[in-house]
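Just so it is clear, the structure is predicted and the values come from calculations on it, not from any experiment. Proteins get letters first, then strands, A, B, ... in listed order; numbering begins at 1 in each.
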Amino acid sequence: MRDSARAFLWEMLEMTSGPIVWFGHLVLVYGATSLGCSRQGEATLIGSEVVTGVTVVSTLLALGGSAWLIAHHARDLAEQGDSEARSFVDRVTIALGAFAVIGIVWTALPALIGPACPT
Amino acid sequence: MTLPALHEVPRPETEHDKLREIWRPPSGLRFITAVNNTYIGIFYVGAALLFFLLAGLLALGMRTQLLFAENEFLSQEAYNQFFTMHGTIMMFLFAVPAVEAMGVFLLPPMLAARDLPFPRLSAYAFWAYFVGGLIFFGSLFFGLAPRGGWFMYPPLTSTQYSPGISADFWLLGIGFIEISAIAGAVEILVGVLRTRAPGMSLDKLPIYAWAMLVFATLIVLAFPAIILGTALLELERAFGWPFFDAARGGDPLLWQHLFWFFGHPEVYIIFLPAAGFVSMILPTMAGVPLAGYRLVVIALLATGFTAMGVWVHHMFATGIPSLSVSFFSAASMAVAVPSGIQVFAWIATLASGRLRFHTPALFLLGFLFIFTLGGLTGVMVGLVPFDWQVHDTYFIVAHFHYVLIGGMVFPLFAAFYYWAPIASIRPLSERLGRWVFGLLFVGFNVAFFPMHITGLLGMPRRVWTYPADVGWEGLNQLSTAGAYLIAAAVLLFLIDVLRNFRLTTDKGGAGNVWNAGTLEWIENSTYGVRSIPPVDAREPLWAHRDLRELTEAGAYFLPGSVTGGRETLVTSPLEGRPQFVLQLPGPGWSPLLAAVATALGFFMLTLKLVVPALVLAGVTVAFLCIWLWGSDPGPAGPPADVGGGHVVPTSASGPLSHSWWGTVVLIVVLAMLFGALVFSYLYLWTVSRQVWPASTGQPLPAPFWPLAAAAAFAASSLAMAWANRALGRSRPDRRASERVGLGLALGLLVAAFLLELVGQRASGLSPTTSSYGALVYVGIALEGALVLALVVMGLYTLARSLTGRLGPERRATFDNTRLLWHYGVAQGLALLVLLHLAPLVLG
Amino acid sequence: MQSVLAPVGPYADSTAILSGVLFVGGTLVFLGVMVAIVLAVRSSSRARRFLSRDTTILAFGAGLPIVTLSALLIWGLRIEVGLEAGPPSALQIEVRGHQWWWHVRYLEEGGRWDFVTANEIRIPTGVPVELRLSSADVIHSFWVPSLAGKLDMVPGRTNRLTVQADEPGVFRGQCAEYCGGPHALMAFHVVAETPADFETWRERQRRPAPEPVGEEARRGREVFLASGCEVCHRVAGTPARGTVGPDLTHVGGRLHLMSGMLRSHRGTFGGWIASAQHLKPGNQMPSYDTLPGADLRALATWLESLE
């Protein structure tokens with residue numbers, strides 16, 4: 001049934017997929033940094049190269065994922081013939097995806113600007 | 001253009017009379033047993049305003065104390081209690097309840113529903129909050145008020161540095177008031193998603209409803225973190241289980257993570273509904289639809305998401321490595337984008353219409369001024385080096401009052417002046433309203449703007465006095481003068497309300513005085529609208545000028561009652577297609593009494609009177625069962641015609657049912673609670689590996705225990721699934737199978753839990769020696785609490801079956817129990833993995 | 001004296017500049033938004049048509065923040081990195097927060113303990129000084145705005161803050177994380193001196209307390225040792241070895257008493273000792289209000305002489 005609970009859940013997840021990707025990105029880079037950067041004088045649990053690696057890889061993956069989301073829904077939108085409600089979902093997904101891209105880029109900036117693990 | 005009537009009008013007169021009779025509120029003093037959203041909404045708003053006044057008086061006391069350097073108007077102890085209570089009451093007993101209350105009152109009419117989907121739940125939530133809140137406030141009069149600041153950081157709030165029970169008042173009192181908020185969130189989520197006017201698809205949902213969706217989702221995702229946090233601190237205080245005690249492997253920062261993971265979304269929980277008000281009021285005041293509707297929806301969703309990912313910006317100065325902290329600085333910048341979109345959408349709305357400068361519009365202009373300024377200082381403090389200077393100073397006090405008072409209180413006053421005509425025979429006074437606005441706007445800026453400077457000149461927060469020679473006195477005097485102006489504004493508002501607000505729930509309010517376009521302006525009563533109109537536009541009253549008249553004539557859905565009782569229409573979540581008629585309960589004592597018993601039970605625990613607390617817990621459960629016994633009535637008859645030939649059932653089961661949705665939301669809450677526990681475990685492991693078994697040599701339980709427990713958990717789920725299959729069939733031996741299945745599931749669940757508990761005890765692990773032990777036992781306690789609730793639910797369901805109140809078409813009780821059961825099993829298994837595999841993997 | 005806007009060294013300068021830019025920029029944006037509102041409500045139809053477009057909403061609501069905040073974020077991050085990554089410190093000092101005073105221990109090269117003092121930190125001008133912050137009880141926060149941003153003192157960990165004063169002076173600081181009771185009265189001072197003056201001061205700190213000069217001062221020392229003061233306080237060179245409260249070996253040389261709240265002289269010494277609970281309710285020192293006046297004066301004389 002098109003409008004069932006399951007359909008609703010999927011549509012909500014679809015619309016917010018961009019921010020979900022960004023949130024995953026934040027969790028990965030913050031988690032890696034917490035494990036890999038010492039609190040001034042304490043031993044770390046993973047090396048600082050691992051931190052950099054995780055940051056770079058997750059940023060690329062997140063950006064790629066968001067780009068794919070945006071492109072996929074833009075294509076859907078261009079095809080037209082969809083209901084108003086469906087194109088609403090597409091537009092929201094694209095816009096939130098674009099917002100997520102900004103968030104991902106900004107979140108990755110600290111890793112580009114400073115040393116991998118300051119102290 | 002007219003929306004065609006669904007059937008003959010005028011309707012038979014008896015139909016309307018019968019509708020009124022069914023929805024008639026209880027008379028006299030028994031009005032306290034009302035569960036209708038109109039009543040509960042009014043009670044709720046009233047209570048929130050009461051706490052606003054009380055907390056405001058505390059602030060006035062504080063500002064008077066700060067009028068002079070080395071002043072002695074309030075003693076040090078009194079001041080420390082005042083600022084703690086001011087913050088706590090404003091945040092927990094005023095701000096969130098006020099916006100939730102407005103939602104309870106406004107959402108059903110705005111969606112043309114007759115009530116919220118779980119009316120007794122709202123009643124319970126309100127009374128629990130009200131009684132609990134009064135008890136909490138009362139602690140001030142006995143010198144027992146907490147004094148650890150509204151965020152109650154340990155170790156200051158541990159037993160050693162906060163002896164006595166004042167901290168427990170906060171932990172237990174506020175801890176349980178959060179349950180109220182979560183109950184409200186369930187209502188709002190299910191209400192907005194499933195009880196809308198037919199045809200109201202998501203892209204036609206009023207912005208306020210979108211805002212409340214995000215609001216409720218944030219509550220569901222964020223509140224569990226603080227529920228866990230307060231439970232952990234209370235366990236540490238009461239039993240010595242060390243979560244925040246560094247000497248035994250705890251970490252004070254764990255509290256801060258848990259608190260702020262809740263605390264930051266909390267301020268968006270407070271702000272977003274107010275932004276929703278603005279998006280409803282401003283278009284009406286300008287006479288045009290909201291500009292950029294889609295952009296505003298996107299902005300609300302983006303804000304909600306971002307709100308969950310910035311919490312560490314409250315911890316920039318704690319010594320967390322600066323790279324970690326910078327991620328959150330970046331994320332905090334991001335929130336400016338959706339906020340900017342909303343502000344410019346409002347400006348665009350103003351530009352495309354013609355603003356009428358009535359009182360609500362004045363408050364909105366005030367909001368735009370104050371909130372924009374507050375948002376800009378928010379961007380400033382989002383930059384780490386700047387925050388390192390101004391964190392914990394009066395600059396921050398200025399910032400958050402600008403965004404909270406500007407962003408929430410001003411829209412709230414706008415909302416009172418705007419929507420009063422729905423609830424009151426007379427609107428509030430335009431003349432007094434202007435004065436209220438003027439005094440509040442000037443008073444606010446005079447009070448709080450100087451604080452930016454005071455903070456930059458070095459004045460920290462939470463100081464009961466300051467020396468004469470640091471140059472802060474003049475600025476403080478300005479701030480105090482402003483505070484008194486604010487008080488004058490509030491007083492004038494009270495006068496306006498007393499003089500003009502004449503509550504009506506039946507006779508119709510002052511009417512659509514602003515010529516607004518949304519459904520709540522159709523004449524409203526305890527039964528909501530006379531008939532439920534279909535919707536094909538965002539501003540239905542503007543699209544169809546005769547909609548109101550036809551609705552009141554009964555031309556549309558459900559002009560009377562098809563079941564003979566209270567009911568509303570349930571519609572599909574995306575498109576708004578009618579799906580079934582929901583039978584709703586009427587007034588009753590059990591939610592009220594259950595709430596009072598719960599509040600008193602927590603109070604007894606605060607006083608360390610355990611036996612009375614347990615008794616009251618039992619009383620609560622008893623009243624809950626009485627309350628629930630009347631629910632899940634099954635179909636009231638064959639599917640009914642709700643208007644124009646639309647025939648829908650009078651009950652539903654499975655994912656179609658509203659209670660299924662409510663249970664799913666509850667499961668998300670429980671999962672977040674468990675997630676917070678997993679976070680706490682992993683976090684403390686990173687901080688205190690030295691107390692983990694790999695370092696201490698603490699033996700783990702023998703594999704038999706977790707394996708047996710896992711097997712018992714899994715078997716319990718299977719038994720429940722078997723009972724489910726039995727229920728779905730109409731074989732003669734169905735009843736026996738379902739009961740046996742339930743019984744087995746019960747026994748196996750308890751066995752699984754006991755196996756895990758015994759296994760840990762057998763290994764000699766103690767909860768007080770180190771944070772590792774404490775975490776293990778709190779995980780087990782969490783599972784145990786859920787198992788206990790499931791046992792009660794299982795026995796209750798069994799009772800339903802034994803008394804013939806369970807069947808293939810009358811199975812909501814069973815389904816909800818089953819859903820939670822499977823979740824409980826899944827959580828139990830996840831717990832086993834955490835407690836038995838994680839130590840091996842992590843080392 | 002205690003102001004973010006009066007920086008005296010490189011660990012506060014860059015933030016002050018950032019603050020200035022933020023205020024100017026913030027004010028401009030704020031004024032811009034207010035002007036837009038006025039235009040939207042009152043002006044010609046051309047301006048109003050412009051403001052009502054979706055593209056305008058996106059350009060100003062999203063585009064403008066994205067551009068300005070990208071720049072601001074990068075700048076802010078660079079300042080942050082700069083504050084963390086300065087040259088190695090020339091001096092290391094351990095500061096431990098207590099309810100409601102500051103325990104200060106200077107370290108030698110190589111990390112060994114040099115000497116102990118309390119509530120006043122002297123540093124040489126022109127060099128970075130590393131403060132190792134910890135807590136003995138609850139969370140405190142060390143903040144001296146003229147010299148640097150704040151950093152919390154969290155039980156269970158040691159946080160490091162670098163400060164540097166480029167000119168001599170007395171800079172007031174205050175505990176910036178509510179720590180219960182008289183948190184408002186938990187202040188301190190950082191006194192920056194020329195390297196030569198600082199050396200002189202440091203040498204003196206390493207020596208035990210000077211012998212009392214004069215009858216009254218001698219009497220004062222007797223009163224100190226007879227009244228139980230030695231249970232909580234240490235005075236090197238006397239039998240007093242207590243560590244519950246601040247070290248008093250050179251208390252007379254400090255500019256302030258009562259954790260930075262009272263100017264130090266004989267009168268305030270006496271006043272503090274006699275009415276500690278009245279002046280700073282709830283703190284760990286009782287009021288010695290049963291001491292005879294002559295004893296109190298003698299005590300104050302002796303303590304003041306401990307330079």
Enquirer: In terms of heavy-atom proximity below 4.5 Å to chain B, should C/Phe23 be classed as side chain, backbone, both, or neither?
Expert: both

Enquirer: My understanding is that only one of C/Leu83, C/Leu151, C/Thr15 makes a side-chain contact (heavy atoms from CB on, under 4.5 Å) with B/Trp388; could you say which?
Expert: C/Leu83

Enquirer: Taking every heavy-atom pair that is under 4.5 Å apart, which of B/Ser329, B/Gly382, B/Gly340 has the most such pairs with chain C?
Expert: B/Gly340

Enquirer: Suppose a student defines contact as a heavy atom less than 4.5 Å from any heavy atom of chain B. Which residues in residues 255-264 of chain C would they list?
Expert: C/Met261

Enquirer: Quick one: what part of C/Val33 sits under 4.5 Å from any heavy atom of chain B, side chain, backbone, both or neither?
Expert: both

Enquirer: Side-chain donor-acceptor pair under 3.5 Å between C/Ser19 and B/Gln389, yes or no?
Expert: no

Enquirer: Between the main-chain N or O of B/Pro385 and the side-chain N or O of C/Glu80, is there a donor-acceptor pair closer than 3.5 Å?
Expert: no

Enquirer: For the pair B/Gln76 (side chain) and C/Pro281 (backbone), establish whether a donor and an acceptor sit closer than 3.5 Å, ignoring hydrogens and angles.
Expert: yes

Enquirer: Under 3.5 Å, is there a donor-acceptor pair between the side chain of C/Arg48 and the main chain of B/Gly353?
Expert: yes

Enquirer: Suppose the criterion is side-chain hydrogen bond (donor to acceptor under 3.5 Å, both in side chains): which pairs have a residue in residues 23-35 of chain C, not counting sequence neighbours?
Expert: none

Enquirer: For C/Ile139, is it the side chain, the backbone, both, or neither that has a heavy atom closer than 4.5 Å to a heavy atom of chain B?
Expert: both

Enquirer: What residue, out of C/Ala16, C/Ala62, C/Ala6, C/Pro182, has the most heavy-atom pairs lying under 4.5 Å from chain B?
Expert: C/Pro182

Enquirer: Could you tell me which of B/Val343, B/Asp245, B/Thr393 has the largest number of non-hydrogen atom pairs under 4.5 Å with chain C?
Expert: B/Thr393

Enquirer: When you check the side-chain N and O atoms of C/Tyr178 and B/Asn80, is any donor under 3.5 Å from an acceptor?
Expert: yes

Enquirer: Can you give each donor-acceptor pair under 3.5 Å made by side-chain atoms of residues 286-298 of chain B, sequence neighbours left out, with the distance rounded to 0.1 Å?
Expert:
unit_1	atom_1	unit_2	atom_2	d
B/Tyr293	OH	B/Leu202	O	3.4
B/Tyr293	OH	B/Asp203	O	3.4
B/Tyr293	OH	B/Leu205	N	3.2
B/Tyr293	OH	B/Leu205	O	2.5
B/Tyr293	OH	B/Trp210	NE1	3.1

Enquirer: Please rank B/Gly149, B/Ala317, B/Gly250 by heavy-atom pairs under 4.5 Å with chain C and give me the top one.
Expert: B/Ala317

Enquirer: For residues 131-150 of chain C, pull every pair meeting salt bridge (charged side-chain N to carboxylate O under 4.0 Å, His left out), keeping only residues two or more places apart or in separate chains.
Expert: C/Glu130-C/Arg132

Enquirer: Tell me, out of C/Met34, C/Met153, C/Arg42, who's got the most heavy-atom pairs with chain B below 4.5 Å.
Expert: C/Met34

